[in-house]
Amino acid sequence: MKTVNKNLLIGGWVMAVATSSVFADFRTATVKVGDPLKTGTVRLVARDKDDNIIPGKDCRVEITAEDLSAERKAAKIKATCVMFDIDTGTAGELKLKNLNPAIRYIDFSTGDTAELGDSLRTQFVSTVEQPARVVFESFFEPFDVNLQPAIFRAGIVTDVGELSVQVSAAELNFQTEGPIICQALFQRLAPRAPQYGAQINYAGDRLEVYFDPAYTVTQGGVLFGTTSPSPGCSGGLPLMESPCVPSDECNGAESLKATTTSRGCGCQTKAVLKGGTPGMNYTLEMPSGDCIRKAANNRGKVVVKECPSASGAVRVTGCDIERLVTCP
């Protein structure tokens with residue numbers, strides 16, 4: 001894993017060098033949706049490290065006849081899922097930003113929209129906790145909306161590139177139960193996956209993907225989808241925990257204030273922690289992604305400043321405290 005450059009601390013000031021924001025895109029994930037063949041419902045979900053759904057982070061989106069393209073569908077998801085901070089990119093791309101530290105897993109379900117070209121990816125994919133996954137639950141209608149044999153797709157993304165395989169219902173003799181689909185995809189994907197820095201495990205109605213961190217320095221993810229109009233296809237991606245060293249301890253009385261101002265160096269973020277334990281080291285993760293570690297003074301106070309900074313979140317690692325800031 002990459003190491004975070006150290007910053008120079010002078011009288012509580014932190015002047016971040018241009019190369020120090022190694023983790024600027026740390027808490028982001030990108031969902032890319034394909035062209036839906038029909039109307040239906042998709043679902044975007046954030047989970048914690050125990051795979052439980054984060055309260056308020058479960059978004060269902062109705063895809064109507066006006067949304068039947070990747071670009072329009074992405075716009076509908078952004079407009080509906082306001083509980084996530086989302087930017088739209090190229091056609092069908094959704095970047096989820098400033099994900100809360102509690103969010104350790106992102107799920108996206110294609111629902112019954114019959115789309116083949118979905119993906120989930122991030123720069124900092126977790127390689128030590130839950131695996132990434134491609135899921136085909138239950139039974140799938142073997143024909144698409146044009147009465148052609150349905151196609152089922154799975155794949156991986158690493159620094160080497162994309163590896164994608166697919167199988168048609170005709171090749172499965174129209175036996176399109178989830179475990180049968182996954183077994184066929186596993187047989188095509190698993191032998192080639194090690195060349196891309198991944199191992200695939202067949203787990204019934206899902207494929208589990210384990211990434212080698214040496215192959216996911218810039219990206220890691222999964223590809224998934226089906227032209228079948230049946231629900232049950234989804235992809236899931238684990239996000240890495242904070243790269244910052246946790247604070248020494250948290251007494252529960254800490255509070256955090258964060259503000260931004262315009263300076264000659266650019267946008268400056270100032271973070272002030274109060275109520276800390278004197279002498280204990282607190283780690284503040286700044287909007288740029290830098291990890292700033294500093295001892296509380298004899299009044300339990302910590303002050304750090306970062307410039308140039310960015311809009312985003314200031315977090316006290318280990319204490320479950322964060323404040324969002326916006327640059328002027």
Side-chain angles (χ1 to χ4, degrees), residues 31-45 59-81 88 90-94 107-121 132-157 162-192 200 202-207 209 221-236:
V31 180
K32 189 164 186 179
V33 299
D35 294 319
L37 297 181
K38 61 179 290 293
T39 61
T41 305
V42 298
R43 186 183 184 193
L44 179 62
V45 174
C59 183
R60 297 174 188 267
V61 184
E62 295 294 328
I63 304 303
T64 68
E66 289 73 35
D67 308 317
L68 296 184
S69 75
E71 185 174 11
R72 290 195 295 270
K73 177 178 177 178
K76 181 68 169 290
I77 294 171
K78 177 182 178 180
T80 305
C81 299
T88 51
T90 57
E93 191 172 87
L94 297 154
D107 273 330
F108 184 74
S109 302
T110 64
D112 52 350
T113 58
E115 58 192 72
L116 194 63
D118 288 357
S119 69
L120 262 173
R121 66 187 75 200
R133 57 195 179 214
V134 175
V135 180
F136 289 93
E137 293 181 301
S138 193
F139 171 80
F140 287 79
E141 169 61 43
F143 295 96
D144 65 21
V145 294
N146 298 313
L147 300 182
Q148 296 299 309
I151 298 173
F152 305 91
R153 173 176 177 254
I156 55 175
V157 181
E162 294 186 2
L163 173 62
S164 177
V165 299
Q166 61 186 42
V167 64
S168 74
E171 293 173 292
L172 300 174
N173 294 318
F174 300 100
Q175 299 180 44
T176 48
E177 291 81 8
I180 294 175
I181 295 167
C182 286
Q183 184 178 48
L185 292 170
F186 170 78
Q187 290 170 347
R188 298 184 180 192
L189 189 62
R192 299 175 59 192
I200 312 295
Y202 169 58
D205 63 359
R206 66 195 58 207
L207 301 181
V209 183
V222 290
L223 312 173
F224 53 97
T226 179
T227 59
S228 171
S230 300
C233 175
S234 66

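- Across V61 and C59, no two heavy atoms sit closer than the pair CG2-SG, 3.8 Å.
- Using a distance-only test at 3.5 Å, with no hydrogens or angles considered, no donor-acceptor pair links the side chain of T90 to the main chain of E93.
- Annotation: the span from F140 atom CZ to C233 atom SG amounts to 6.0 Å, rounded to 0.5 Å.
- Applying the side chain to side chain donor-acceptor pair (under 3.5 Å) rule to R43 yields the partners D58; only residues at least two apart in sequence or on another chain are considered.
- Using a 4.5 Å cut-off on side-chain heavy atoms (C-beta onward), T39 and I63 make no contact.
- Taking both residues in full, the closest heavy atoms of V222 and R133 are given as CG2-O, 4.0 Å, listed atom of the first, atom of the second, then distance.
- Here the straight-line distance linking atom CD1 of I180 with atom CZ of F136 works out to 13.5 Å at 0.5 Å rounding.
- Under the side chain to side chain donor-acceptor pair (under 3.5 Å) criterion, S138 pairs with no residue, sequence neighbours left out.
- With rounding to the nearest 0.5 Å, the separation of OG1 in T226 from CD1 in I151 is 8.5 Å.
- In this structure, the side chains of V134 and L185 stay at 4.5 Å or more apart for every pair of heavy atoms.
- The heavy-atom pair separating L223 from S119 by the smallest distance is CD2-CB, 3.4 Å.
- A114 meets the side chain to side chain contact (heavy atoms under 4.5 Å, CB included) test with L37, K38; sequence neighbours excluded.
- Scanning both residues, D112 and T41, for their nearest heavy atoms gives OD1-N, 2.8 Å.
- Between E62 and D67 the shortest side-chain heavy-atom distance does not fall below 4.5 Å.
- For E141, there are no side chain to side chain donor-acceptor pair (under 3.5 Å) partners two or more places apart in sequence or in a different chain.
- Considering only residues two or more places apart in sequence or on other chains, R153 meets the side chain to side chain donor-acceptor pair (under 3.5 Å) condition with S164.
- The shortest non-hydrogen separation linking R206 to C182 is N-SG, 3.5 Å.
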Side chain to side chain donor-acceptor pair (under 3.5 Å) between S69 and E71: does it pass, once the steps are laid out?
CA-CA 5 Å; S69 75; E71 185 174 11; 5.6 Å; no
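- For the atom pair CZ (F139) and OG (S228), the distance works out to 8.0 Å, reported to the nearest 0.5 Å.
- By the salt bridge (charged side-chain N to carboxylate O under 4.0 Å, His left out) test, D35 pairs with no residue at all, sequence neighbours left out.
- Qualifying salt bridge (charged side-chain N to carboxylate O under 4.0 Å, His left out) partners for E162, counting only residues two or more places apart in sequence or in other chains: R121.
- By the salt bridge (charged side-chain N to carboxylate O under 4.0 Å, His left out) test, R188 is found to be paired with E171, residues two or more places apart in sequence or in another chain being considered.
- Using cut-offs of 30° and 60° for the angle between ring planes, the F186 and Y202 rings count as tilted.
- A distance of 11.5 Å separates OG in S234 from CG in L44, rounded to the nearest 0.5 Å.
- Formation of a donor-acceptor pair under 3.5 Å by the N146 side chain with backbone atoms of Q148 is not found in this model.
- Note that the OG atom of S109 and the CG atom of D118 stand 10.0 Å from one another [nearest 0.5 Å].
- F108 pairs by the ring pair (Phe, Tyr, Trp, His ring centres under 6.0 Å) definition with nothing, not counting sequence neighbours.
- For F174, the ring pair (Phe, Tyr, Trp, His ring centres under 6.0 Å) partners two or more places apart in sequence, or in a different chain, are F143.
- Here Q187 pairs with Q183 under the side chain to side chain contact (heavy atoms under 4.5 Å, CB included) rule; sequence neighbours left out.
- Annotation: salt bridge (charged side-chain N to carboxylate O under 4.0 Å, His left out) contacts of K78 (sequence neighbours excluded): none.
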